[in-house]
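Data first, discussion second: the structure below is written as structure tokens.
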Protein chains: 2
Amino acid sequence: MEPSERADRPVGINDVAARAGVSAGTVSNVLNRPERVSEATRRRVERAIEELDYVRNSSGRNLRSGRSDSIGLVVLDVTNPFFTEVAQGVEDVAAEDGLAVVLLNSAERGDRQRRSARLLAEQRAAGAVVMPVDGDTADLLWLRKQGVSGVLLDRGDVGPEVACSVSVDNLAGGAAAARHLIGLGHERITFLSGPEGLEQCRTRLQGLREGLAEVGLDPEAAVRVVHTAQLNAESGEKAVEEVLAGGPGRRPTAVFCANDQLALGVLKGLGERGLSAPSDLSVVGYDDVATASLVHPGLTTVAQPKYELGCAAMRLLLGELNDPDHTHERVRYTPELVVRGSTAVNRR
Amino acid sequence: MEPSERADRPVGINDVAARAGVSAGTVSNVLNRPERVSEATRRRVERAIEELDYVRNSSGRNLRSGRSDSIGLVVLDVTNPFFTEVAQGVEDVAAEDGLAVVLLNSAERGDRQRRSARLLAEQRAAGAVVMPVDGDTADLLWLRKQGVSGVLLDRGDVGPEVACSVSVDNLAGGAAAARHLIGLGHERITFLSGPEGLEQCRTRLQGLREGLAEVGLDPEAAVRVVHTAQLNAESGEKAVEEVLAGGPGRRPTAVFCANDQLALGVLKGLGERGLSAPSDLSVVGYDDVATASLVHPGLTTVAQPKYELGCAAMRLLLGELNDPDHTHERVRYTPELVVRGSTAVNRR
DNA sequence: CATCGCCATTGACACGTTTCAATGCCGCCT
DNA sequence: AGGCGGCATTGAAACGTGTCAATGGCGATG
């Protein structure tokens, strides 16, 4: 057996150069600007690369260029299908330009978001797509100050003078839910919200109220708000009791949840009490995650274009990276109501 | 306003050194071995770091050390909650040791798995946790040859002489499902499998057969296999027709699905035909994803310790990274059946 | 035949960090 | 007082790559 590996020292560009009988610079050219090197030597170099199993060292490369060729995607909860679908969109578009995507999970925690931002800055990431915790854009701005272009996605808000952003019109989403429920004759609606202070929830609630006001209903009287600790199914399930109990007025005939996860929890909670949607309570969710169409009855929900959201964000980022004098853009989608079985006309 | 940023050249360790009136080496020491530097200078350096907003460049650091401090996690489908829960486990354990996790999505495609492996090799990742596409461990082995320690997770198989691995006993899982269904009086069972050739599916099926044989039933007569194109809900929904049609014998009274996603699709498909589990068909899934407990009826399923799987894999990897003379281990979990409403005694 | 220009290739340097042997300083012991 | 040990700090080298001005060879042109 021949000594195929002369030493355990990793093989570098110089080893390849030696083997092919050329200089290191030429090898680098073969890798990065193949057109500048003659056919013959290019083949010799390529063979050497293959024979030595050379893989280039991106530390060296990035050090030299001052920039890495991967972008970061900071997501609020890898476990939530909404975010992973967004991630798909980002990945697919990034792949078109040969950029690698590093998926980072802030788990809705400010400290982890900060850690992620630091990591990306240390790696001199080419860019970042950030869905900020609690709409806290400080880390995004810090990243930009460090020279890492960042795009804001889905939450939070910054002026178009500082960064690109992609969002969905939560006001319109809330209003769409309102119109749907009104059309079915519901006039006492509970809004099941997440933790207090989430801008996202507040806006959807406001949309709901405005939708009610549109047809002359008094939002204050018609809607009651219940807060939960987290935007997940468990919280939704626990909240059922409080939702059903009703407010100072009567028991509600419909509930509009800030989130599909919450809504799914509510559906489960109803089942456990021998009740069900829509006969005992009409239920509307928000997001249209895959599960929404799998449960029975299907969940009526305000659908967000998740995949497109990711694509759009990545496109904006690419635009900023490639175009030297780029001007920030704001892309805003309008959500669409998807009607399934969890809502029906009010019979009370 | 003072010129807070003298130039747009990024600030490096030398700028910090100059500002603090020390050498670059000392700054490096403050960062990496603070105990070697005197209290006074340490504070001076820390102040300079803060004032200049210095963040260290990991390219330089990694170049010097020959190794990066992040590990890669190659996952089959970011969209599937099973994998994201595993990812959580990996992340949490990695965080204990200050390692960053780069989540890469192979999307069940061999070429993307290869690309991911290449990326990790180029970055000289500290290690990798790989869930191989089709059990194809070639890329894992290649990574190891490149000096990147890799742990095998959930699928595929390599001897303990080449790498650590973590898996769940699919044979036992299949048998558990079998015993449950037999106990309920089912004797004609359809196994709803994924694409042909998936080792994972084959083993679960074999477990099912062995479970039946245990009580003297003829596996060949009792179980029929239906293949789907993908392991997702859509495929499951489409397969309902074929499942219900039954084989050369009678129509089945129960279906055991290779995957919760498939099972959820089946439940939906039944509903669309005015049928339901468990009265028309008992349904058993595999994985116990969150949705399994949210649908109505709840999905009886073979639960895998997803989070623990991720933790275990990362622990093994850490062990290999820290212990110079490390010997590979094989960790194997036993799944547990979770009984919910989608299965009942056979009344036919 | 001499000169010019073109093209492929080279060689050296820069990127930002870590490491390690060498330096200088101070206090302690004899 | 002189010498020695310990400790904080320094300076230079090294990591692997990309870039760019300089080099050398070759063919074409006058």
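Throughout, protein chains are lettered first and strands after them, A, B, ... in sequence-line order, and every chain is numbered starting at 1.
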(request) Compare the minimum distances between each of D:dT10, C:dG16, C:dG11 and the side chain of B:N29, then state the nucleotide with the smallest one. (result) D:dT10
(message) Let's see if you can work this out: which of C:dT17, D:dT17, D:dG11 has an atom nearest to the side-chain heavy atoms of A:Y54?
(response) D:dT17
(message) I'd like to know if the side chain of B:D134 and the backbone of B:D136 have a donor-acceptor N/O pair within less than 3.5 Å.
(response) no
(request) Figure out the CD1/C1' separation between B:I13 and D:dA14, and round it to whole Å. (result) 15 Å
(request) Look at A:T26 and C:dT10 and indicate whether a side-chain polar atom (N or O) is within less than 4.0 Å of OP1 or OP2. (result) yes
(request) Identify which nucleotide among C:dG11, C:dG16, C:dT18 has an atom closest to any side-chain atom of A:S23, counting heavy atoms from C-beta outward. (result) C:dG11
(request) Return yes if some donor-acceptor pair links the side-chain N/O of A:R56 with the main-chain N/O of A:I13 below 3.5 Å, else return no. (result) no
(request) Using atom CG of A:D15 as one end and atom P of D:dG16 as the other, report the distance to the nearest whole Å. (result) 8 Å
(message) Tell me the interatomic distance from A:R33, atom CZ, to D:dT17, atom P, rounded to whole angstroms.
(response) 15 Å
(request) On DNA chain D, check which nucleotide each of B:S65 and B:R42 is closest to and give me the residue with the more 5' one. (result) B:R42
(request) Send over the distance from A:N32 CG to D:dT19 P, rounded to a whole Å. (result) 6 Å
(message) Side chain of A:S38, heavy atoms from C-beta onward: which of C:dT9, D:dT9, C:dG16 has the nearest atom to it?
(response) C:dT9
(message) Quick one: does any side-chain atom of A:Q146 pair with a main-chain N or O of A:A121 as donor and acceptor, under 3.5 Å?
(response) no
(request) To the nearest Å, give me how far apart CG (A:L63) and P (D:dT19) are. (result) 13 Å
(message) In whole Å, I'd like the distance from the CD atom of A:E39 to the P atom of C:dT9.
(response) 11 Å
(message) Any base atoms under 4.0 Å from B:G25, or only sugar-phosphate, or nothing? Heavy atoms, all strands.
(response) base
(message) Does D:dG18 have its OP1 or OP2 closer than 4.0 Å to a side-chain nitrogen or oxygen of A:R61?
(response) yes
(message) Can you tell me whether the side chain of B:R64 and the base of C:dT17 have a donor-acceptor pair closer than 3.5 Å?
(response) no
(request) Give a yes/no on whether any side-chain N or O of A:T41 is located under 4.0 angstrom from OP1 or OP2 of C:dA8. (result) no
(message) Distance check needed: C:dT19 P versus B:N62 CG, whole Å only.
(response) 12 Å
(message) Counting C-beta onward and ignoring hydrogens, is there a side-chain heavy-atom pair between B:L99 and B:L321 closer than 4.5 Å?
(response) yes
(request) Taking A:D323 for its side chain and A:G319 for its backbone only, find out whether a donor-acceptor pair lies under 3.5 Å. (result) no
(request) Write down the distance between CG (A:N14) and P (C:dT10), rounded to a whole number of angstrom. (result) 12 Å
